[in-house]
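Pasting in a structure now, in structure tokens, and then I'll have a few things to ask.
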Amino acid sequence: MEIVESLEDIPVQNPQAEDFSYTDLTWTKFGTTEHHDEVALIPYARVDEFIIGECSNPESPTRFHIERGRKRSRGSLKKYKRDEYLEYKMYWCSFGPENYGEGGGVLPSRKYRLKTRNRAARPQSMRGCMCNFVVKRLYARPSLALLIYNERRHVNKAGFVCHGPLDRDAIGPGAKKIPYICNEIQQQTMSMIYLGIPEENVLEKHIEGIERYCGSDATVNSLASQYVHKLGMIIKRSTHELDLDDHASIKIWAERNKKSIFSYQESSETDQFVLGIQTEWQLQQFVRFGHCSLVAADSTFGIKRLKYPLCTLLVFDSRGHALPVAWIISRSNLKSDVEKWMKILLQRAQSVEPGFRINGFIIDDAAMEIEPIRDTFCCPILFSLWRIRRSWLRNVVKKCDTIEVQRELFKCLGEVVYSIWDGIDTSKALERLTHDFADQTAFMQYFKSTWLPKIGMWLSTIKNLALASQEACGAIEAYHVKLKVKLFDDTHLNALKRVDWLVHKLTTELHSSYWLDRYADESDSFQNVKDDYIASTSWHRASEIPDSAVTLDQNNTLVAKVVSQRDTSVTRVVWNPGSEFALCDCAWSLQGNLCKHIVKVNTMCESRKGYGDSMSLRSFKEKLRSIKLKPMDDSIALDLSMALTLQMFDQIKQLVQLSGTDDISNIVNDLPVKWGCKKGRTTVGIPASIAAFTKSQKRKR
């Protein structure tokens, strides 16, 4: 848009519509290169119609009041410019400029106040809106008015929408009549809308939740319908692009969602970008399922396709499913950056539960820094094979044509990993692999360029760290697959390089999906959602396969067969059973995933002769063997080691009893009675955070 320096060059506009607004006019930049405004010329008689049109904006309906005004009498100026005013009025949105909302400030009292009838009805409705424009009745041409728009958007000083349907915090004048809506009902409604459930079904569940508090009423149902419709409109119109510039957009989001951010570092010449996200609900789940339990990391998601890789911290819920409790978006693997956000995350958990600690941390990338984990969480570190298994299997299936070559090549890759415990030289195992499958040029080219330079690092990590179980690997993989489906949808391919889009998807659709899964399971509602959630991992799907459906041939331990439960005429074949590198001919396995048939077969092979131990069991035995071979003198250190070993043995024994019983009361009756001292007996069994709070209250008294 060119800058016009003369008012004579700006055309007068007179729209045919009865009421018109900003969008009905053509705006011109008027002034100089250093200072210019967006202006338009209209007949002065139509100013009121323009104001009415601006008030009727569907996205931000409002009223405008006169914030400032001045007048001159005709003939008072002997010399004047073309844009001098006869009357000057600044119209301001009635939701501003003061801000009586949370964190807002009130302007100091004015020396005077214009008596206007269209002022905001109540001061408490003012939210710091900066939308304002100026109307100048021209001194040289009194029949014309010069419109000058200073701020078109209805936003506050921070740049956020502060009223209207697009404002998530808008309550409206009828707030006192709206029935009580707790956080649980609101989150349930939002989750259903984000997941695309029809509005009729959302409204039905929303009303059911409200009726638990205030009963059934026609007015309540009407207001609930309005609430659901409005919430759906807000979510539908919401966008990840708060600014055209991705850096500015994520900065605005971070300013608005401080409660959901535990670490934020902008990129600069010395620092790399780091954004750590954890909602209040995720913090609750972190404390609930992470305390004295395991935490896992899906560490390098989207390293090739996203602007910054995504690292997810996971806990395992009551069903053993992986639950995301924190997202870290960053390319930085520096020890200082990783240690910084890990310590902040631990402090957040300990602010809720002072005694919070974790018993183990599972990593899936050999290049991941482990020192910050040990220094922060002071716990053992385990390694998960799911990433290396999935990567190899996907490329074996993709680059090799026949199933026979695929199963033999995948088995040979497994032997390379097993060689670190079998006493075989790893270099010889690799040499055999490259020699036997030299004709598979596509795969060997991929393996030599991608894995051969770093295979030593990965095998060393696998050997030095204890390995995670098949169930844990399957749960992490299930989360990874779900995340991939949610993010890498074809409709979003153009936004993959924007951080604000990634943050929006994580905190809306993915967060809502897991929240609804947990809510459906614990409240025994949304039966379809609950069933899909329970069956979301291969481990749980495998538990539904009866032992009678599996055929293990003692004479041929290289093949196992599983009868399909959906179609009994179909039989799945599992090659190399009992190994993490088993291969099934089902479609799910051929996509690189750990399928239920392999899980079921491997579980049954553990108790059968002729089949080798799983890698996690081999790793565990190797750790015990290494401890046994270490020379120990007859000292207190030996007593401490013995005590810790016996304690671990008792815990394992109790877990085996718990998993193998159908009646938990038999185990509970055999547990020893624990007595607390008389002074602290009232707080035995109470979470540490509550007990500490009650003690502090007693001291104050």
Side-chain angles (χ1 to χ4, degrees), residues 240 242 246-268 270-291 295-303 306-315 322-353 356-358 361-365 368-377 379 476 479-480 483 486-487 498-512 514-515:
H240 62 273
L242 302 178
D246 186 39
H247 177 74
S249 179
I250 202 64
K251 190 174 181 180
I252 294 173
W253 185 90
E255 183 69 24
R256 185 171 188 177
N257 297 272
K258 291 182 179 180
K259 292 182 179 180
S260 299
I261 295 176
F262 66 88
S263 180
Y264 180 52
Q265 177 177 286
E266 296 186 43
S267 59
S268 63
T270 56
D271 299 324
Q272 295 197 46
F273 177 82
V274 178
L275 176 61
I277 303 172
Q278 186 183 59
T279 65
E280 293 184 11
W281 179 77
Q282 286 180 308
L283 177 58
Q284 294 171 6
Q285 308 310 306
F286 185 39
V287 173
R288 177 183 177 186
F289 296 113
H291 181 49
V295 173
D298 178 12
S299 55
T300 55
F301 181 87
I303 194 169
L306 298 178
K307 184 176 182 179
Y308 295 106
L310 172 66
C311 174
T312 306
L313 294 190
L314 306 162
V315 295
L323 192 68
V325 292
W327 292 297
I328 301 91
I329 304 172
S330 178
R331 200 178 296 277
S332 175
N333 289 323
L334 296 176
K335 179 182 176 182
S336 57
D337 290 340
V338 175
E339 190 172 25
K340 181 180 178 181
W341 64 255
M342 279 190 176
K343 287 186 175 180
I344 296 174
L345 194 65
L346 180 62
Q347 290 171 2
R348 277 172 64 94
Q350 290 178 341
S351 66
V352 177
E353 179 61 52
F356 177 85
R357 64 182 178 86
I358 65 175
F361 197 103
I362 303 176
I363 63 173
D364 62 353
D365 186 4
M368 189 173 183
E369 289 281 353
I370 62 175
E371 288 186 12
I373 302 174
R374 284 176 174 158
D375 295 343
T376 303
F377 296 105
C379 67
I476 300 172
Y479 166 78
H480 182 87
L483 181 64
K486 289 287 184 182
L487 295 187
R498 289 188 65 100
V499 181
D500 55 1
W501 168 83
L502 175 60
V503 170
H504 182 76
K505 293 288 288 186
L506 292 175
T507 56
T508 55
E509 292 185 26
L510 194 66
H511 184 276
S512 298
Y514 277 97
W515 186 94

Rounded to the nearest 0.5 Å, what's the gap from CG on L306 to CD1 on I329? Could you check? 8.5 Å

Minimal heavy-atom distance between F262 and W327, with the atoms involved, is CE2-O, 4.3 Å

Of all heavy-atom pairs linking Y264 and L275, the shortest is CD1-CD1, 3.7 Å

Taking ring pair (Phe, Tyr, Trp, His ring centres under 6.0 Å) as the definition, give me every residue that meets it alongside F356, ordered by chain and number, with sequence neighbours left out. F286, H291

d(I363 CD1, I476 CD1) to nearest 0.5 Å is 10.5 Å

Minimum side-chain heavy-atom gap F273-R331 below 4.5 Å: no

I need the R374 CZ to T376 OG1 distance, nearest 0.5 Å. 12.5 Å

Please name the pair of heavy atoms, one in I261 and one in A254, separated by the smallest distance, quoted to 0.1 Å. CD1-CA, 3.4 Å

D246 side chain to V499 main-chain N or O, any donor-acceptor pair under 3.5 Å? yes

Hey, what do you get for NZ (K486) to CG (L506), rounding to the nearest 0.5 Å? 11.5 Å

What I'd like to find out is whether the side chain of L313 reaches to under 4.5 Å of the side chain of Q278, using heavy atoms alone. no

Tell me if the centroids of the rings in H504 and W253 come within less than 6.0 Å of each other. no

Within a strict 4.5 Å, meaning less than it, do heavy atoms of the S249 and R498 side chains meet? yes

Please tabulate, one pair per line, all N/O donor-acceptor pairs under 3.5 Å involving side-chain atoms of residues 335-342, not counting sequence neighbours.
{"from": "K335", "atom 1": "NZ", "to": "E371", "atom 2": "OE1", "distance (Å)": "2.8"}
{"from": "D337", "atom 1": "OD2", "to": "S332", "atom 2": "OG", "distance (Å)": "2.5"}

